[in-house]
There are 2 protein chains.
Amino acid sequence: MRLEDVARWSRVSTATVSRVLNNAPSVKNSTRARVMKAIETLKYNPNLHARSLAAGKSRSIGIIVSNLGNPFFWDIYRALERAARDAGYEVIIANTDYSSASLAASVWMMLGQRVAGLAAIVSEMDPQWIEVFEGHRIPVAYYGVNTPRKNIFNIRVQYRRGMEKLISHLYSLGHRRVGFVGHHTELGSIQERLKGVLDSVRRHPDLQVSAVEDEDSLEGGRRAARALLAANPTLTGLVCVNDWMAVGALRELRETGLCVPADISVTGFDNINLAQFCDPALTSVHLPRDRIGQIMCDFLINRESQYQHEFLIDPELVTRESTGPAGRNTVQT
Amino acid sequence: MRLEDVARWSRVSTATVSRVLNNAPSVKNSTRARVMKAIETLKYNPNLHARSLAAGKSRSIGIIVSNLGNPFFWDIYRALERAARDAGYEVIIANTDYSSASLAASVWMMLGQRVAGLAAIVSEMDPQWIEVFEGHRIPVAYYGVNTPRKNIFNIRVQYRRGMEKLISHLYSLGHRRVGFVGHHTELGSIQERLKGVLDSVRRHPDLQVSAVEDEDSLEGGRRAARALLAANPTLTGLVCVNDWMAVGALRELRETGLCVPADISVTGFDNINLAQFCDPALTSVHLPRDRIGQIMCDFLINRESQYQHEFLIDPELVTRESTGPAGRNTVQT
DNA sequence: TTGAAAGCGGTACCAG
DNA sequence: CTGGTACCGCTTTCAA
């Protein structure tokens with residue numbers, strides 16, 4: 001079923017059918033109706049490849065994320081998709097699993113698809129890619145690029161400030177020995193969170209921090225918590241790189257018989273919905289996923305975002321049940 | 001940067017470059033090397049649209065799901081993606097949000113993309129689509145199509161058996177008044193779960209069931225639980241259509257001050273990872289997402305699945321902490 | 001308001 | 001082993 005079939009059926013040229021398909025204004029109503037009917041009865045379905053090849057562009061924007069299984073990314077995707085769809089665009093997703101190889105493949109694919117714009121929400125985004133994109137003239141919205149760069153649209157979360165808020169919160173509750181549950185710490189934006197922790201340490205000389213890393217998953221969080229406690233049984237607080245892993249950590253603590261927050265406090269990051277649904281509800285720091293998704297889409301499509309080149313986010317502390325005064329593990333001096 | 005540029009640079013014809021790109025065996029090593037180098041230095045990136053238009057097919061398979069935000073669907077997607085990638089295929093995702101309109105759009109898009117195969121894991125899949133697909137000659141793997149049909153590959157979960165296992169489990173623990181947390185009950189496969197519940201009622205005449213529905217989300221589960229308890233304060237058990245909503249329900253119960261399972265038992269469905277990470281861990285029924293994803297992909301790509309036309313799954317009961325003997329709410333007769 | 005025809009960037013068949 | 005060259009299905013001038 002091709003354009004030509006529809007054209008023949010409705011006794012017009014393919015050009016006219018094409019016009020109808022694209023709502024060109026210059027088509028007589030009667031012919032338009034005839035063509036529409038043909039499309040209908042023939043169940044014609046345009047070949048998107050041919051369409052974007054001929055048009056030289058595709059009505060779709062791409063989004064690459066590290067781990068869609070983590071609700072944080074999912075929320076951003078949702079917001080971006082909604083905005084894109086409202087503007088008449090499709091969204092193509094790619095998941096990288098924090099793998100550089102996978103990222104490369106995804107980027108390649110997006111480029112091959114000739115997406116109209118690309119949202120890169122991957123902590124493993126290597127600066128080299130930025131140049132590749134510039135060469136391709138395709139607008140890209142980044143998330144979490146830390147090295148300042150001119151002429152790129154970047155959403156930068158002030159992780160360190162977020163982490164500092166969390167750490168200060170714990171410190172003021174009397175915690176002096178905390179563990180950090182991280183993941184893929186070699187990566188930029190994540191590294192940033194760890195730095196936030198370490199900075200806070202410097203600020204509070206009597207604070208001891210031990211870090212461990214595992215994969216970004218419930219199981220990863222659980223294993224990390226286990227490792228941390230095994231090496232350091234007297235920890236009174238667990239700072240997790242994100243809520244997703246924190247939920248895993250909570251599970252491990254429960255298993256061990258430790259009560260949160262009576263015996264040990266736990267903090268997350270991102271403030272995903274699940275943070276309110278786990279037990280105890282997680283103290284976290286809020287990242288506006290909806291906003292992020294919208295802004296990125298807005299930039300990609302309209303290209304005239306009111307935010308020049310960088311959009312800064314200062315995460316806000318959200319205190320819930322998982323943090324409390326340092327309890328029985330506290331050294332009695 | 002087009003094929004022709006590469007051809008010119010390496011002093012060969014576009015045909016040869018194409019051969020190199022597709023690993024055709026009949027290319028002299030020296031020329032292959034030259035072309036490769038050209039591709040490399042020019043940073044040539046093939047236009048996927050042109051490619052699949054010319055080839056008449058695309059190396060990608062599509063997957064349509066109802067709610068990727070629910071880990072159940074995510075797990076299936078992951079398995080399918082892994083299998084597809086191993087076979088050299090890309091995977092295109094589409095999410096429908098349980099909306100028929102959205103489903104139609106997704107199907108249309110997949111058809112337009114000329115996917116090599118399609119996995120439809122949507123409870124709202126209307127039988128009419130099956131005919132559309134047959135007209136398009138594209139292999140489709142369905143999940144949860146209940147009305148028996150010849151010549152389609154379908155993975156059918158015996159929801160009713162699963163539900164019966166859950167209900168029997170509760171019944172044997174002394175529960176006689178249970179609530180059903182459902183969602184979109186007008187849809188086929190979900191309807192099936194509700195039927196499972198109702199069937200069990202018939203089997204146990206003294207069992208009372210009240211049902212409520214809400215959206216498939218943590219919040220939805222929570223609201224449903226609230227509604228159920230408000231209308232029926234003496235329930236001793238909550239049967240949820242899936243784990244995702246069950247986690248939301250657990251939250252509500254905790255809020256209300258009810259202890260699970262001491263005061264009220266809760267069951268899920270799917271046995272997603274999160275079921276082991278929530279508190280209390282959920283009693284559920286296991287659905288092998290990995291297996292499902294693999295089998296679907298296998299069928300789509302190799303088309304000679306050892307499973308003829310239907311793959312039946314009999315969900316297995318997994319007992320955990322969220323269910324126990326009917327407690328204080330039990331009527332003292 | 002409509003049609004004819006030249007591409008868009010590849011693929012693949014047919015020669016050589 | 002390599003080149004020439006019809007398409008693939010649709011968009012988009014340019015004329016009519």
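Keep in mind it's a predicted model, so treat the numbers as computed, not measured. Residue numbers start from 1 in every chain, and the chains themselves are labelled A, B, ... in the order their sequence lines are given, proteins ahead of strands. Values reported hereafter were calculated over all heavy atoms of this structure, with side chains retained and with hydrogens, waters and symmetry mates removed.
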message: Would Lys37(A) and Glu40(A) count as a salt bridge (charged side-chain N to carboxylate O under 4.0 Å, His left out) here? Give the steps.
response: CA-CA 5 Å; Lys37(A) 179 151 199 176; Glu40(A) 186 75 12; over 6 Å; no

Derivation and outcome, side-chain hydrogen bond (donor to acceptor under 3.5 Å, both in side chains), residues Arg51(B) and Asn22(B): CA-CA 11 Å; Arg51(B) 195 204 281 258; Asn22(B) 299 291; 3.1 Å; yes

task: May I have the step-by-step check of salt bridge (charged side-chain N to carboxylate O under 4.0 Å, His left out) for Asp97(B) and Arg78(A), ending in yes or no?
output: CA-CA 11 Å; Asp97(B) 272 319; Arg78(A) 294 291 290 176; 2.6 Å; yes

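Using a 4.0 Å heavy-atom distance criterion, Val12(B) is classed as a sugar-phosphate-only contact. Residue contacts for Arg32(B): at a heavy-atom cut-off of 4.0 Å it reaches no nucleic acid atom on any strand shown. Within 4.0 Å of Thr16(A), counting heavy atoms only, lie sugar-phosphate atoms of the nucleic acid but no base atom.
For a distance-only test at 3.5 Å, the side chain of Arg114(B) fails to qualify as a donor-acceptor partner of the base of dG9(D).
Following rounding to the nearest Å, Arg19(B) (CZ) and dT11(C) (P) show an atom-to-atom distance of 11 Å. In this structure, the CZ atom of Arg2(A) is 11 Å from the P atom of dC7(D), given to the nearest Å. In this structure, Lys28(A) places its NZ atom 5 Å from P of dT2(C), rounding to the nearest Å. Look at CG on Leu21(B): it is 14 Å from C1' on dA12(C), rounded to the nearest Å.
Using bins of under 30°, 30° to 60° and over 60° for the plane-to-plane angle, the ring pair Tyr98(B)/Phe73(B) lands in the perpendicular bin.
For the pair Ser30(A) and Thr14(A), nearest-nucleotide mapping onto DNA chain C gives the more 5' position to Ser30(A).
Among dT1(C), dC14(C), dG10(C), the nucleotide with an atom closest to any side-chain atom of Ser26(A) is dT1(C). For Ser18(A), counting side-chain heavy atoms from C-beta on, the closest listed nucleotide (dG4(D), dT1(C), dT12(D)) is dT12(D).
Of all the residues in residues 38-55 of chain A, Leu53(A), Ala54(A) reach under 4.0 Å from DNA chain C with at least one non-hydrogen atom.
The backbone N or O of Asp270(A) lies less than 3.5 Å from a partner atom in the side chain of Arg289(A), making a donor-acceptor pair.
The pair Arg8(A)-Asp5(A) meets the salt-bridge criterion, with a side-chain N (NZ, NE, NH1 or NH2) lying under 4.0 Å from an Asp/Glu carboxylate O.
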